[in-house]
Amino acid sequence: MRDGRARSGDMRLFHRVISFTLLIIAALGGCSSFQPKADDVTASASETMRTKIEALVQNAPERAIATLTNLFEEQREQGHSFQKNVLGEEAFALFQRALENIEHSFKDALHANDVDNAVRLSYSVSSILQYCAPYDQLKALLPSGYTAIGSKEMKLQLVFLGAEKEFSERGFVAGKAKLSMALLADPALASVKRWPAFDSFTAGLFTPQEPSEYYSRWALRASKRGDIDAQHWFSSLAHSENGGTASNSTPSSVPSEKWLAQAVSSVVTVYVDRGFKIQSGYSVPDRVLGTAFQIDNGLYLTNYHVIQSEVDPSYKGYSRMSIRPSENPQIKVPAKVLGWDKEMDLALLQSEEVAKDTIFLPSDIKFQAGDRIFAVGSPVGLENSVTAGIVSSLNRKIISYGEAAQIDVPVNQGNSGSPLFSANGTLVGMVFAGLPSFQNINFALPVQWIVASLPGLFKGKETKHERLGLMLGKGSVQNPFVLTDLDPNLSAFRVGDVLKEVNGVPSKDIASIQLQLSVVPEGALCFIDAQRNFVSIRRLRPLCQDNGASLIHAWDSIQRNIILEGLMGARLLRLEDSRSAEGLYTVQWTCPAEAADELGLSENDSIKVSKFQINRNTNTIILEISAKSRSSGYFERTIHLEFSTDSATII
C-alpha cells in the first residue's frame, strides 16, 4: 500500500508539473486563453517551466510572482519545504529577480507620471508583503524599497496624485469621485495622518503631500462649489486626530421645501426614440422613458437599461436620445452617453442642457431599514413627480456586482434613474428596478455603489469589473465558502474552502469583498487566505478575470464538473470515469442555502447527472439529475434545474 501511495503521489506531482507548464504558456498571453502546442507539453517540464518563468520575470514580473508562489504553496500544503518545488533553488533566484523588476517598474512609472501603473504595482507589493510575512526565507529576498511601496501611506499619496489628475482633466466631480471611492473601498487610508520617513526612497520621484493639508484643499474646493456635505467631510478628515473615516450620516429631519425644490429642478426626463416596432400586426412607436439627475453642469446619471440601445453593439435598430428639462418638458435637448456600467445598471450622460440645480453625491452615507425616503422622477412621462416610502430591506444580492436596497416607494415606467433622498435631503441611492406583478417591491442602488462606479464612468467607455475568479456561497458561518475556482490557469481553491481574508481584510460577505476590490487596479496581485481542513491555503492572484458575472468563458475553458459543483454548491465525488460532467456522483458536502442544500441533499447521498448543457441563446445552464437522499427516504427523484449563465456570487 505504501508503494502504491508513493506511485500515486509521484503521478500527482508529474501532472502538476505538466499543469504548471501549461499555466506558464497561458500566462504569457495575460489572462486570455491559449492553446499550447504539442511539443511544449512533451518537452522537459522543468526546463520548459524555467524558460517561461524567466520570460515572465522580464516582461510580467507580477505574473511570475504569482506562478512561483503557487509552486511554493503546493509544496507547503503537502508538508514539504519550498525547496522541493520542481525548479529547486533556482526558483528563489527567479523570485528575487521578479521582486527587483517590480521595484524598478514602480520607480519608472512615477518618473513617467504614470499614476495608474504605480497604483497597480503598489497594491501588488502590498499583497506580496502580506504573503511573505510568515516566511523568513522569502522576506530576506524583499528589496528595501518594498516597505515604502506597499505601505498605506504610499497608496494614499498615489490616490492624491490620481485625484489631482482627474480634477485637472475632468473637474471637481471627477476628482472628488476618485478620492471618495478610494477612501470608501479602503477605509485604512483615511487613518493616515502624516507622511512617514520614506524621503530617501521617494526623493526625485514625487513630492509627498501631508494628508491634513490636502483634505483642507478639497474642503475649500467643495465650499466654492457649494457641496456642503463634501466640505464638512473633508474638513473632518483634515482635523481628525483619532483616525478613521468621518461619518457623513446626518440626523433625520422633516424635509424642507428648499431641498425638494432643488431636487426637482436637478432632474430631467430621458427620452430614447427607437423608431417603430411591429405589435399585433401594427406599427407602433418604440420609446424608452427614464429619469436622470445632474451631478455637474451638463452631466447626468441614469440607468444603463434606459439608454442601452445607444451603446449596445447587438442592437441594430434606430436610436436617438434626448433629455427634457424639468422646467420646460416640451423641448428635447440632444444628449450622448459618456460611460456606462452594465453590471451596476449605471450610465453617465452629457448634454448642452444645464439644469438649474445640481445633486452632489455624498462620499458615504448609511441608511437603515425603516428610514423615510423620497424619489423624484418621471413615472410614465409625468415630469417632476415626488413619491415617498421607506427602506424595506438592505443587502439584496440581486445584481451581479454590488447589492441593492429594497424600497416600497411607488415605481413605474419612467422612474428608472430617479434619485432617492433621505428625509433631510441627502442623496442615498438611485431607483433602478421594480417588480410589476408585486405591489411596492422595488429596488434602488445605494449611493456607495454609485460612488464606487463613478470614476470608471468618466473614462468614456464601458466599465468592467475584474474578478479573482472565485464563486462563493454565503453559508451559515461568518466567512463565505468557496464553491468553485474558475481560473483555468492558477486554480488552487476547492469547493468547501472557507475564505478568511482578501488583501488582509476579513471576508464577511460577497458584496463587501466586491466593494473592497473595486478600488484595486486591473492586473494587481491580490493576497487570498482561505482554510481547508484547518490548513491555510494562501495564494497571490492577479485581478484580471474580465468575464464579469458570466460563466460562459469558464464553461469553455475548465472542467464541467467544477462548474457543476459551483452551481450545486456541493462537493461531489465522481464514481464513474468520464470526460463529461454526466454520470454518477456521491455528495461529500453541501453549502447551506445553495441548490444542493435546498434540494435536501446531504453527505453520502447519490445523484446521477443525465444532462448538463448550456443554452447560449437564453443564457441558461440546464441540469437534470436523479437523486436518492436520506431526506426523501431514498426515494428516487428526477429534478430539472435551470441556472443563469450570470452569477452574482463571483469575486
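- Side chain of Arg560 to backbone of Trp555: a donor-acceptor contact under 3.5 angstrom is found.
- A cation-pi arrangement is found for Arg372 relative to Phe374, the charged atom lying closer than 6.0 Å to the ring centre and inside a 45° cone about the ring normal.
- Counting only heavy atoms from C-beta outward, the side chains of Val431 and Asn442 never approach each other to under 4.5 Å.
- Atom CD1 of Ile528 is separated from atom CD of Glu501 by 12.0 Å, given to the nearest 0.5 angstrom.
- Looking only at distances, no side-chain donor or acceptor of Gln75 sits under 3.5 Å from a matching main-chain atom of Leu71.
- A side-chain donor-acceptor contact under 3.5 Å links Ser122 to the backbone of Ile149.
- Under the 3.5 Å distance criterion, with hydrogens and angles disregarded, a donor-acceptor pair is assigned to the side chains of Ser602 and Asp605.
- In this pair, Phe82 and Tyr135 present their aromatic rings perpendicular. The plane angle is above 60°, beyond the 30 to 60° band.
- Judged purely by atom type and a 3.5 angstrom limit, Gln209 has no side-chain atom pairing as donor or acceptor with the backbone of Tyr214.
- Between the side chains of Asn547 and Ser550, no donor N or O sits under 3.5 Å from an acceptor N or O.
- Between Asp341 and Ser453, the closest heavy-atom pair is OD2-OG, 2.8 Å.
- At least one donor-acceptor pair closer than 3.5 Å links the side chain of Ser191 to the backbone N or O of Ala188.
- Below 30°, between 30° and 60°, or above 60°: for Trp449 and Tyr401 the angle between ring planes is above 60°, a perpendicular geometry.
- Ionic pairing of Asp509 and Lys397 is not present here: no N-O contact between side-chain nitrogen and carboxylate oxygen is shorter than 4.0 angstrom.
- Rounded to the nearest 0.5 Å, atoms CZ (Phe493) and CG (Asp487) are 10.0 Å apart.
- Side-chain contact between Arg494 and Ile537 is absent, with no heavy atoms from C-beta onward closer than 4.5 Å.
- Checking Thr586 against Asn604 by side-chain atom types alone, no donor-acceptor pair falls below 3.5 Å.
- Nearest heavy-atom pair across Tyr146 and Leu129 is O-CD1, 3.5 Å.
- When atom types are taken as modelled, the side chain of Lys155 and the backbone of Ala182 share no donor-acceptor pair closer than 3.5 angstrom.
- Side-chain N or O atoms of Thr645 include one that pairs as donor or acceptor with a backbone N or O of Asn619 at under 3.5 Å.
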Ring pair (Phe, Tyr, Trp, His ring centres under 6.0 Å) evaluation trace for Tyr215 with Phe160:
CA-CA 10 Å; Tyr215 294 137; Phe160 291 167; 5.8 Å; yes
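- Not one N or O on the side chain of Asp345 forms a donor-acceptor pair closer than 3.5 Å with the backbone of Asn303.
- Note that CE of Met154 is 12.0 Å distant from OG of Ser126, once rounded to the nearest 0.5 Å.
- Checking Glu565 against Tyr585 by side-chain atom types alone, no donor-acceptor pair falls below 3.5 Å.
- Using a 4.0 Å cut-off between a side-chain N of Lys or Arg and a carboxylate O of Asp or Glu, Arg467 and Glu343 qualify as a salt bridge.
- The heavy-atom pair separating Ala549 from Ile650 by the smallest distance is O-CD1, 3.7 Å.
- With values rounded to the nearest 0.5 angstrom, Trp218 atom CH2 is found 13.5 Å from Gln231 atom CD.
- Note that CD1 of Ile614 and CD1 of Ile621 are 5.0 Å apart. Values are rounded to the nearest 0.5 Å.
- Counting all heavy atoms, side chain and backbone alike, Cys591 lies closest to Phe481 at SG-CD1, 3.7 Å.
- The pair Arg539-Glu77 meets the salt-bridge criterion, with a side-chain N (NZ, NE, NH1 or NH2) lying under 4.0 Å from an Asp/Glu carboxylate O.
- The main-chain N or O of Leu515 is found under 3.5 Å from a side-chain atom of Ser518 such that the two form a donor-acceptor pair.
- Between the Lys193 side chain and the Ala190 main chain, a donor and an acceptor come within less than 3.5 Å of each other.
- Scanning all heavy atoms of the two residues, the minimum distance from Glu153 to Pro196 falls at CG-CD, 3.4 Å.
- By the neighbour-count criterion of 12 heavy atoms within 6.0 Å, atom CG of Asp556 is densely surrounded, having more than that number from other residues, nucleotides or ligands.
- For the atom pair OG1 of Thr484 and CE of Met568, the computed distance is 13.5 Å after rounding to the nearest 0.5 Å.
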Checking Asn503 against Ser127 for the side chain to side chain donor-acceptor pair (under 3.5 Å) test, could you report, in this order, the C-alpha distance in whole Å, the side-chain angles of both residues, the deciding distance, and whether it holds?
CA-CA 6 Å; Asn503 287 344; Ser127 297; 3.1 Å; yes
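- Using a 3.5 Å distance cut-off with no hydrogens or angles, the side chains of Asp646 and Ser400 do not pair a donor with an acceptor.
- Taking the charged nitrogens against the carboxylate oxygens, Arg532 and Asp497 do have a contact shorter than 4.0 Å, which makes a salt bridge.
- Asp136 has a carboxylate O that lies under 4.0 Å from a charged side-chain N of Lys139, or vice versa, which qualifies the two as a salt bridge.
- When every heavy atom of Gly429 is checked against every heavy atom of Ile450, the shortest pair comes out as C-CD1, 4.2 Å.
- Salt bridge present: Glu62 and Arg120 bring a charged side-chain N and a carboxylate O closer than 4.0 Å.
- Atom CD of Gln531 has more than 12 neighbouring heavy atoms from other residues, nucleotides or ligands inside a 6.0 Å radius.
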For the pair Glu462 and Tyr304, evaluate side chain to side chain donor-acceptor pair (under 3.5 Å) and give the outcome as yes or no after the intermediate values.
CA-CA 10 Å; Glu462 181 179 2; Tyr304 164 78; over 6 Å; no
